[in-house]
Amino acid sequence: MNIGWYLTVSAIIFAIGAAGVLTRRNPLVILLCLELMLNAANLALVAFARMHGGEAGQVFALIVMVVAACEVTVGLGMIVAIHRRNLPIDVDELSQLNG
Amino acid sequence: MSQVLFFLSAIGAITAAVGVVMLRNPFYSVLALVGHLICLAALFLLLRAEFVAAAQVVVYAGAVMVLYVFVVAYVGGGEEDMLGGTALRIIGPLFALALAIELCLTMLGSALKGINTKGAPYILGFGTPRHIGKLFLTTYLFPFEVASLLLLVAAIGAVVLARRRRGLTPDDELERRIHAPRPRYTGTMAEGGGIRQELAAAQRAGLSPVETRHREGIDEGAQLAAPIAAPEQEGGW
Amino acid sequence: MSPTTWGWLVLACPLAGSAIIALGWPRWRGTSSGWIATLAILLSFVCSVGALITLLNRPLGHRELTSTLWNYAVTGGLDAKMQILVDPLSVFMILVVSGVSTLIHLYSISYMKSDKGIVRYFSYLNYFVFSMLLLVLAGNFLLLIVGWAFVGAASYLLISFWYRRTTATQAGIKAFVINVVGDVGLVLGTFFILRHTGTVDLLKTFAATPHVFHHNDGALVAGCILLLIGAFAKSAQVPLHTWLPDAMEGPTPVSALIHAATMVTAGVYLIARMHPLFEQAPAAADVGSVVGCATLLIAGTIAIVQTDIKRIIAYSTMSQIGYMIMAVSSGAYAAGLFHLMTHAFFKALLFMAAGSVIGAMAGAQSIEKMSGLRKAMPFTFACFVVGGLALSGLPPFSGWLSKDDILGYMFHRGSWYPVLGVLGYVGALLTGIYTFRLIFRVFFGEPCEEARELEHGHLAHAEVATNPANGEVEDTEIGFPGPEHVIAEREWPMKIAMGALALLALVGGFIQVPGIDDKVTEFLSTAFPHDRLAHLEPSSSSAWTGLIVGAVIAVIGILIAYRIWIKAPQIAVRMQQRLAPLHTFLLNKWYFDELIDAVVVRPVAIFGQIMQSVMERIVVGGGITGGTVGLVRASSAAVRRVQTGFLRYYAAMMVVGLFAVGLYFLVSAT
């Protein structure tokens with residue numbers, strides 16, 4: 001398949017992830033959608049690596065995976081902390097940082 | 001053959017993604033994401049990125065998603081009310097759609113020469129762990145090390161965020177010890193402030209200061225049984 | 001020692017006196033501060049005499065000397081130095097000023113001896129003398145303006161000396177504000193002239209005037225008229241004269257010194273000093289002559305109906321200074337300055353005698369309460385009569401010689417000046433009338449109660465101290481006059497001062513008798529070297545004609561006063577009834593105060609109120625600052641609404657932003 005197909009798939013998955021971030025209220029699901037977007041970016045990177053014939057894209061994709069893992073860790077830690085304080089797990093309720 | 005596999009994986013990935021977004025139970029969303037990750041691994045294989053595909057399955061689907069499953073089990077979240085919420089429900093997908101179209105236009109309409117090809121010619125061993133490993137330890141050593149540092153920081157951060165802190169949850173033993181009555185005129189300013197209130201109240205009731213002291217005697221045994229609530233004061237503890 | 005060294009010493013003595021008295025104020029007990037002050041001025045007078053002698057030792061063409069202490073502001077376009085000019089004119093002035101000041105200081109020692117603020121008084125008085133001497137000795141415009149301003153400040157300080165009296169403080173403010181108007185005129189006039197001549201040095205300016213300005217040059221006329229405004233304000237000429245009668249709120253010696261002998265003559269000195277400018281701009285000089293003449297008539301008519309003893313003498317001062325201004329504006333410099341000198345003598349004498357009378361009347365100043373003080377106060381009566389005769393211009397007193405010197409010159413000058421001369425004689429008639437009205441009413445007739453008590457040797461004492469102007473009750477602590485009242489008969493310093501002045505009023509005129517000696521003109525002639533006008537000397541015979549006419553007019557005036565106020569007092573009453581509107585008009589001082597109030601004070605006050613309520617509150621407060629504040633508040637409130645706290649809004653904005661950036665790059669790539 002042409003590289004273009006892979007890129008299209010990547011774009012679609014990215015958009016789906018963005019829609020999920022904007023739509024869902026449960027922070028856990030929002031984090032999942034964030035994962036979707038990261039994966040879409042990974043796909044694009046690997047596709048471009050194949051296009052150019054260099055492995056830099058793949059290396060970058062691995063680093064992105066590491067970063068995603070860290071981010072998930074911290075995000076989930078925060079959600080656990082919120083749950084500990086008996087606050088509602090709903091981003092619309094957690095809006096005290098306003099001005 | 002590869003085209004069939006491509007379409008299967010692509011459709012699987014997209015369906016799973018839609019499932020992540022639209023399923024109401026967060027647990028199902030997590031499972032959908034796992035499916036999505038495996039389809040993506042298949043796509044990586046088609047792109048000759050073997051190590052990345054393996055890492056995706058082992059690390060991402062294997063470790064990160066398991067972490068997710070644990071947290072979802074602990075926190076829960078239950079069924080979410082999809083019909084509620086703000087106008088973002090409608091505008092969000094619209095924006096996302098616009099974004100998708102734009103991205104497609106950008107990428108496909110660009111003058112990138114390689115888009116329409118199957119890829120550049122590659123040497124044997126492209127995408128194997130050997131090559132990737134070599135790159136990591138030579139050209140990309142710095143990002144490699146930084147990434148490991150980042151992992152360390154994230155781990156510590158997670159521990160700090162989620163640790164159990166004393167006093168945030170009511171600790172009965174601690175409460176009792178704190179609120180046990182102490183000898184008069186010792187302790188904190190709050191207690192001293194409380195003295196003035198007590199004396200004033202006693203005077204109003206017509207008792208002398210000496211009597212009040214004796215009246216509210218120190219009886220540890222009786223009072224340890226029922227913890228006394230801390231007196232409400234301005235600017236207390 | 002050179003004249004300029006004496007000149008610096010003349011300046012240094014009163015300044016040192018003022019500083020010593022002021023800095024040591026807790027220590028001076030009783031009247032010791034007064035003796036120190038008098039000594040300082042006496043030393044200054046001695047140094048003035050020294051300057052005179054050394055100046056006379058110099059040959060005729062070399063009598064204009066300058067001396068610079070240091071360069072004050074010598075830069076591009078300005079050459080201001082600390083510089084004095086010692087020439088016959090300034091030496092003449094410092095002699096008069098320091099001489100009369102010495103005698104007035106001596107008088108003040110007794111007059112103010114029970115006043116709690118006596119130390120402050122003598123410090124101020126010395127400071128005043130210093131400023132006046134600085135004014136007349138100044139060698140450039142800058143120092144002249146400095147002296148001018150200092151004199152105004154000293155006048156304010158001394159008018160409102162009894163500061164707990166609201167009438168006194170209001171009078172002080174009025175004097176100061178009108179003087180500031182004059183100061184503005186002086187400074188602007190200086191600037192007008194400076195722009196063209198390029199120098200503030202007096203001698204250099206005079207040398208450059210004929211070359212830089214042509215005859216009646218517009219800029220020069222404007223500059224000279226502005227200088228005249230300064231002179232009019234300081235010398236209390238119409239229309240800037242309304243402060244002088246109110247200035248009588250100050251202690252009597254202050255009135256004698258500042259508002260009779262010295263400060264009010266500063267305007268006369270200014271015109272005389274700037275004579276090269278005025279000669280090159282005769283239009284401005286004519287303005288001066290006309291205003292001087294108008295003032296002497298207006299003041300004379302007002303003085304006839306006044307009832308406060310000090311105000312009568314104040315209007316008399318205004319009138320006599322009108323003569324002087326008329327004289328120096330028309331070119332009769334020597335005559336005008338001669339009259340300045342003699343006027344200083346007899347006017348200071350009159351004020352001193354008036355102070356003695358007020359002391360006898362326990363602080364009352366209205367002549368309606370006074371009568372028949374002749375037997376009780378013989379010395380004061382004699383002094384008053386001597387002063388009055390000199391003022392009216394009776395031979396052989398000094399006033400006769402000086403006033404008729406001026407009027408004789410007027411007739412000699414030709415063109416339309418004789419009109420001013422005739423009006424001057426009318427003014428002389430009025431002078432005789434009001435002066436002797438005063439003398440006859442106060443000293444003749446049935447003795448009033450205070451006079452009778454004094455005849456028995458008992459000085460009247462008011463139980464409750466009151467403000468003579470409005471009858472308000474006051475005490476005798478600091479800020480008010482002291483408890484004791486003094487009369488000349490009992491105080492030897494007052495007797496010496498008044499006696500000396502009476503002698504001078506009698507014989508002081510003999511230095512300039514036409515045909516016999518011309519000391520003043522001679523002496524001053526070198527200060528006016530190139531004047532076409534100064535050499536216009538009337539011949540002896542025409543001068544004597546003028547003198548005889550003047551004497552006759554003075555006698556007529558005295559006789560009229562005698563008839564009205566001694567022989568048939570009911571004439572005065574009947575005239576007052578029949579000419580009631582005229583009487584009211586004159587009593588209200590020709591309504592000048594009301595005019596100035598309506599034309600100047602009210603509009604300014606209304607303007608201020610409008611500015612405050614409209615501009616300040618609405619435009620600036622509400623519109624500009626309030627509007628800015630409101631704008632900032634509104635915009636920040638609008639911006640604040642972005643921070644909703646909802647995570648998804650932030651995410652949405654990120655997506656939108658990403659979309660926009662991508663769109664931009666997409667579009668710009670095509």
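Within every chain, numbering begins at 1; the chains are lettered A, B, ... in the order of the sequence lines, protein sequences first and strands thereafter. Every heavy atom of this structure was used, including side-chain atoms; hydrogens, water molecules and symmetry mates were not.
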Report which part of [X] has an atom under 4.5 Å of a heavy atom belonging to chain B: side chain, backbone, both, or neither.
| X | answer |
| --- | --- |
| A/F48 | side chain |
| A/N86 | neither |
| A/I13 | side chain |
| A/A44 | neither |
| A/V67 | both |
| A/H52 | backbone |
| A/L31 | both |

So what's closer than 4.5 Å to chain A heavy atoms on [X]: side chain, backbone, both or neither?
| X | answer |
| --- | --- |
| B/V30 | both |
| B/L151 | both |
| B/L46 | both |
| B/Y68 | both |
| B/L135 | side chain |
| B/L40 | side chain |
| B/Y74 | both |
| B/Q56 | both |
| B/F6 | side chain |

* Among A/V21, A/T73, A/L22, A/L32, which residue forms the greatest number of heavy-atom pairs with chain B at distances under 4.5 Å? ->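 Max contact count across the listed options: A/L32.
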
* Identify which of A/T8, A/L62, A/I12 forms the greatest number of heavy-atom pairs closer than 4.5 Å to chain B. =>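 Most heavy-atom pairs within the cutoff with chain B belong to A/L62.
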
